[in-house]
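Quick notes on the structure that follows.
Every heavy atom of this structure was used, including side-chain atoms; hydrogens, water molecules and symmetry mates were not. Predicted model only: the values in this text are computed from it and were never measured.
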Amino acid sequence: MIYFYSSTNKRDKLTHPLTISTTSERRAYALAVINFAKNRMIGSPKRIEL
């Protein structure tokens with residue numbers, strides 16, 4: 001599955017949503033949290049439903 005995440009905070013200035021391809025939603029969220037922390041983003045990941 002492919003999951004898309006954006007930030008809950010507008011100051012992060014994400015121009016494109018974070019795209020994660022994995023088998024479970026739980027793992028995708030964990031990877032998004034790790035990526036947000038690694039890139040020093042202020043908000044938390046919010047899943048975009050298509």
Side-chain angles (χ1 to χ4, degrees):
M1 296 284 297
I2 298 175
Y3 298 95
F4 299 97
Y5 289 93
S6 66
S7 178
T8 56
N9 194 327
K10 300 267 186 208
R11 292 187 299 174
D12 285 336
K13 297 181 183 171
L14 255 166
T15 55
H16 299 287
L18 178 66
T19 306
I20 299 175
S21 177
T22 186
T23 56
S24 72
E25 183 179 348
R26 187 175 186 181
R27 181 169 169 82
Y29 184 77
L31 290 171
V33 168
I34 290 168
N35 192 312
F36 271 49
K38 184 190 231 183
N39 292 307
R40 297 183 182 148
M41 294 190 182
I42 300 165
S44 59
K46 176 178 68 172
R47 188 170 142 212
I48 301 172
E49 305 227 6
L50 298 177

Measuring from Ser7:OG to Ile42:CD1, what's the distance to the nearest 0.5 Å? 8.0 Å

Working to the nearest 0.5 Å, report the span between CZ of Arg47 and CD1 of Ile20. 11.5 Å

Shortest non-hydrogen pair, Gly43 vs Asp12, comes out as N-OD2, 3.0 Å

So NZ of Lys46 and OH of Tyr5: to nearest 0.5 Å the spacing works out to 13.0 Å

Linking I/L/V/M/F/W/Y whenever their side-chain heavy atoms sit closer than 4.5 Å, directly or via other members, would Tyr29 and Ile2 fall into one cluster? no

Interatomic distance, Leu31 atom CG to Thr22 atom OG1 [nearest 0.5 angstrom]: 6.0 Å

Ile34 and Tyr3: same hydrophobic cluster, using ILVMFWY side-chain contacts below 4.5 Å? no

Taking Asn39 for the side chain and Met41 for the main chain, is one N or O donor matched with an acceptor at less than 3.5 Å? no

Among Thr8, Asn35, Val33, Leu18, side-chain contact (heavy atoms from CB on, under 4.5 Å) partner for Pro45: Val33

Before giving the answer on side chain to side chain contact (heavy atoms under 4.5 Å, CB included), spell out for Leu14 and Phe36 the whole-Å C-alpha distance, their side-chain angles and the decisive distance to 0.1 Å. CA-CA 11 Å; Leu14 255 166; Phe36 271 49; 4.0 Å; yes

